Every structure is written in C-alpha cells, then in structure tokens.
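One structure is given below, encoded as structure tokens.
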Amino acid sequence: MTTKQTSAKTLEPPKMDEKEFLPYKGRTPDIIQRPSRNYWQQAFSKLKTNPSALISLLIIIALVVFTLIGDKIWTVDPYDQDLTQISSPPSFNKKALVIPDKIHYQPIIQPSKEEYTLKTTSSGMSVIGTPTTQFIAFKWQPVAGAKGYQIFRHEYLPQHIDDLGVPLGENEGGEHVSYLDALRLEPIDYFYSIIPIFDEGQSTQYSTIKLTAMDAIPLSDAVELGIIPIHQKTNYLGKFIHLPAHPLGTDYLGRDLLARLIEGAKTSLFIGVLAPLIFVFLGMLYGGISGFLGGKADEIMMRFVDFIIALPFLLFMILFKVAFGIGPGESGIFPMLMALILLSWPSVARLIRGQVLQLKEMPYIQASKLMGANVFHLTLKHMLPNVTGLLLVTLTFAIPSAIFTEAFLSFIGMGVVPPTPSWGSLCNDGIHTLLTHPHELFFPALFISVTVLAFNLLGDGLRDAFDVKMKEDQR
C-alpha cells in the first residue's frame, strides 16, 4: 500500500502558477494585423506587379506629353516647305554648299571632224563644274557618224546595256556633247551612261561615269530660310553652311516629318480618345438601364442593339460624308466621329448589361433593397463602383481600336486628307515613296503601332487587376 501510494504521488502533475495558464491575463497581447485595403487599392497594387502594363502606361503618358507640348518644344511649322530638302532622311548637322540662283551652263557643241579623232564609241566623259543636288553637268567626246546620244542615269553601276537605269533624254542631231541633269537629285552616287545613235539604230556600246552629288542650296533659298543674313549673302557664295535639322527627315514636299507627326497626333488621338469616351458612356448608360429594368423592356432594348451592330460601318461612313457635305479632297473628321460613336456603343452596352444583370442577384443588393434603398442609392453605391473597372478596361481597348480605324480610313482616303496631317494620312503619303524613302512610312507607322500596343497591354493589365476571380484563385 505504501509503495503504491508513493508511486501515485510521483505521477501527479506538478502544480503551476495561474499566470502560466493565462499568459495574457491582465495585459494586452501584441497582435500583428495587415491594414485592410479597398477594391481600388488592391487593383492598383496588382497593377504595379505587371511590368508590361507599367511600361505601357509610361508610353501613353509620354504620348500625351508629346501631343500637348510637342509643338512648344519643336517649333517648326508642319506646313512649311523646304524645297532644298525634299524627302531628306533624318539629319542633325547637315552641311550644304551655297551656289548662285541661276545655273550658268552652256551646251558644248561637238567640234568638226578635223578637230577630233574618229571613234566608234563615246569616251572621255568628264564632269563640268561641281556636281551638286541642284544640278550635275558632264560632257563626253563625240563619236564619228553619230546622229545623237541617249543619256541614262542609274544609282548602281550598270552591268550591261539593258541595265543603264532611267532614260533622261536624247541629244538629237549629234551637235551637243554635254548634258545638264537637274531632275530631283540627292546627295548620293550616280552613274551616267551615254549611248551613241546612228542611222541604222542604237549602238551596242556605252560609256559610264560615276559622279557624287554634293548637298547644295541656292543663295536666295538660304536667305529665305533665315540661314544667312541678307546683307551678307554674297559673302557666303561657294561656302558651306549648316542646314536646318530634321530629326525624322522630311516628306515628299520638304515638310518636317517630326512637326507633322506632332500635329498628326493631335488629330489621331483626338479622334481615338474622344470617340471612345463618348460611346463608352452611351453604352454604359444604355446597357445599365436595360439590365436594371430587365423583363420585356430589356428584351426590346437589346433587339435594338442587335440591329445597330448589324449596320456596316464603312457604308455609314460614306453616307455621313455625303450628308455633311464633305466633298472629295476634304477631311471628314466630324463624319468619322459620328460614325464611330453611333455604331460602336452597342458592344459596350452588352457588356454593361451583363454585368448589371449579375449584380442584381448579389446578396448585398437584395439586402439593400430590403432595407429600403432606392434606385439612386443602388446605382451610385453599388452598381457604378462595380462596373467602373470593366469600363476602364473597355475604354483602354476601345481607344486603340478607334486610333486604328482612323488610320485605316485616312489611309484609304476616307478620313483625314492632306494638308491636314494625321498618322493615317502620313502613312498614305509614305506608301508612295516606300522603296526610295522608307522613313516617310516607317515613323508614322511606328507611332501607330506603339500607341495601339501600349493601350492593349495596359488594357490587359487592368483586366487582370480588376479580375476578382483571379484574386480569389491566387488566395
């Protein structure tokens, strides 16, 4: 008995102080809590984790700054023509030789037969004066029995007689053994070829000379552009001067491409932003009313939406131009806006209607109704905040679509037409000189592509940020 009692006493749990069982009794525990965030804070926090969306947002901000204050920084008039730099590539520190306004050129008459050695082919081709972008003059030795000479120009070295380039003209009669070329020259290498013509036909032999055109500007043009002072203009003849810089080059009329892109951004972004803002608002209003009413009214309103969606956009664009009296060669900015607004809102209305129909069945909406909330309270406190994210995503996708539509219509001549610049009309101008001067098409196409891509990537980021189901799945 004694042994059992002793063992039982040793198995009893030790007595512990009451404070050990109640460690927080009489004092406040240290509780770590994360501050609660609302719907917009969570969306913005998620958007910051998307690098492509953030970069796109910065690009869009840069485009807005480029549009609003670009003409304050780059003050070149987009309509001024610099005929000395037609279709010029991008340049910053371009020099040109100042030459007289009038070309002093006298055709060289071939000497009599006693004054030259009879030859069967033209040879001894040489340049007259200095070859410049204003004119190039050259001469050659006459050919015995030649009734004339055919002149060709090529930008590459000819390989055979069928590869001499562009025919510039023909010296008939065989009297002149020189030629003056003033046909839109550029500061590049040119290969001039001469073929003598006889009574029996054209010769099979030719001679070629390589000449490099130097940038030049007439004296009066330099004074008119303000490059040299008028009272010292004669001191600059035969000297080199710096031409105005064109960072993105010039177009086929010598207009600065950067200035026209800035001016065109105002047109393209005005149409691309204003039209979506209006038709997204109309679609939100129409779709919200339709979804909120429901029943027969909703069905009738959505049948009207189906009818609008079935209308062809291009046909109504043409009808609007006719209705507003926009003739050929006139910019149809207002008809384009009307067509975009009147025919684009139904898709937004469908999205908002579906969202409102879903929200109507939510428990907190039903609870608000039971508590006596009116339509204004339900719309302002519950409906609108829950569709705002969808509206922002829809808007970011609608803007690039409108920009691309404007560019397409201007490209085919149905939208903005010259001289009013827009990115689409600049692409239309640049397509004609794509093979010879690709920069005229490359830069406006680049601005359109970057803008559309930036808005699309930002729309993807906003869609992910406002997606509640995605947040729940990540939890």
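Small disclaimer: the values here were computed from a predicted structure and weren't measured. Each residue takes its place number in the sequence, starting with 1.
- At least one side-chain heavy atom of Leu340 sits under 4.5 Å from a side-chain heavy atom of Phe313.
- The CD1 atom of Ile209 sits 8.0 Å away from atom CZ of Phe138, with the distance rounded to the nearest 0.5 Å.
- Atom CG of Leu426 is separated from atom OG of Ser268 by 8.0 Å, given to the nearest 0.5 angstrom.
- Phe92 CZ to His242 NE2: the interatomic distance, rounded to the nearest 0.5 Å, is 15.0 Å.
- The backbone N or O of Pro421 lies less than 3.5 Å from a partner atom in the side chain of Thr267, making a donor-acceptor pair.
- For residues 281-307, the salt bridge (Lys or Arg N to Asp or Glu O under 4.0 Å) pairs, not counting sequence neighbours, are Asp298-Arg353, Arg303-Asp306, Asp306-Arg350.
- Taking all atoms of both residues into account, the shortest heavy-atom contact from Tyr286 to Phe304 is OH-CD2, 3.6 Å.
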Could you check Lys266 against Asp71 for side chain to side chain contact (heavy atoms under 4.5 Å, CB included), going step by step and ending with a plain yes or no?
-> CA-CA 10 Å; Lys266 297 179 181 179; Asp71 54 352; 2.6 Å; yes
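- Contact of the Trp345 side chain with the Ile308 side chain is registered, since non-hydrogen atoms from C-beta on lie closer than 4.5 Å.
- For the pair Met414 and Ile318, the minimum side-chain heavy-atom distance is below 4.5 Å.
- Side-chain polar atoms of Ser425 and Ser422 form a donor-acceptor pair below 3.5 angstrom.
- At most 12 heavy atoms of other shown residues, nucleotides or ligands fall within 6.0 angstrom of atom CD in Glu224.
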If you apply the rule side chain to side chain contact (heavy atoms under 4.5 Å, CB included), what do you find for Asp189 with Lys210, and how did you get there? CA-CA 7 Å; Asp189 295 335; Lys210 175 185 176 181; 3.4 Å; yes
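- Remark: aromatic rings of Phe447 and Phe66 are close, center separation under 6.0 Å.
- Using the six-membered ring where Trp is involved, Tyr190 and Tyr192 have ring planes that are tilted, between 30° and 60° apart.
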- Task: Evaluate the side chain to side chain contact (heavy atoms under 4.5 Å, CB included) criterion for residues Leu269 and Thr451: first the C-alpha distance (whole Å), next the side-chain angles of each, then the deciding distance (0.1 Å), finally the verdict.
- Result: CA-CA 10 Å; Leu269 294 183; Thr451 304; 4.3 Å; yes
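- Counted by atom type alone, Asp82 and Gln85 present one or more donor-acceptor pairs between their side chains at under 3.5 Å.
- Around atom CE of Met214, no more than 12 heavy atoms belonging to other residues, nucleotides or ligands sit under 6.0 Å away.
- Contact between Thr250 and His439 at its shortest, heavy atoms only, is O-NE2, 3.0 Å.
- With hydrogens and angles ignored, the 3.5 Å screen pairs no side-chain donor or acceptor of Thr132 with any backbone N or O of Ala216.
- With hydrogens and angles disregarded, no donor-acceptor distance shorter than 3.5 Å links the side chain of Arg255 to the backbone of Tyr79.
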Given side chain to side chain contact (heavy atoms under 4.5 Å, CB included), test Asn456 with Phe397 step by step and report yes or no.
-> CA-CA 6 Å; Asn456 280 323; Phe397 283 116; 3.5 Å; yes
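- Phe443 has its side chain within reach of Pro90: a pair of non-hydrogen atoms, C-beta onward, lies under 4.5 Å apart.
- The line from CG of Leu237 to NZ of Lys233 is 9.0 Å long, rounded to the nearest 0.5 Å.
- Closest heavy-atom contact between Gly288 and Ile352: N-CG2, 3.7 Å.
- Other residues, nucleotides and ligands contribute over 12 non-hydrogen atoms within 6.0 Å of the CG atom of Leu315.
- Between Asp460 atom CG and Ser52 atom OG the span is 7.5 Å, to the nearest 0.5 Å.
- Looking only at side-chain heavy atoms (C-beta outward), Glu440 and Asp429 stay at 4.5 Å or farther from each other.
- Between Asp464 atom CG and Lys46 atom NZ the span is 6.0 Å, to the nearest 0.5 Å.
- Side-chain N or O atoms of Asp256 include none that pairs as donor or acceptor with a backbone N or O of Val76 at under 3.5 Å.
- Residues Gly424 and Ile448 come closest through the heavy atom pair N-CD1, 4.2 Å.
- Not a single donor-acceptor pair under 3.5 Å links the side chain of Arg153 to the backbone N or O of Asp181.
- Nearest approach of Ser56 to Leu457, heavy atoms of both residues: OG-CB, 3.1 Å.
- Counting only heavy atoms from C-beta outward, the side chains of Ile228 and Leu219 approach each other to under 4.5 Å.
- Using a 4.5 Å heavy-atom cutoff, the side chains of Ile217 and Ile227 are in contact.
- The minimum heavy-atom distance between Lys48 and Leu54, with the atom names listed, is O-CD1, 3.3 Å.
- Considering only heavy atoms from C-beta on, Leu395 comes within 4.5 Å of Leu277 through its side chain.
- Other residues, nucleotides and ligands contribute only 12 or fewer heavy atoms inside 6.0 Å of the CZ atom of Phe334.
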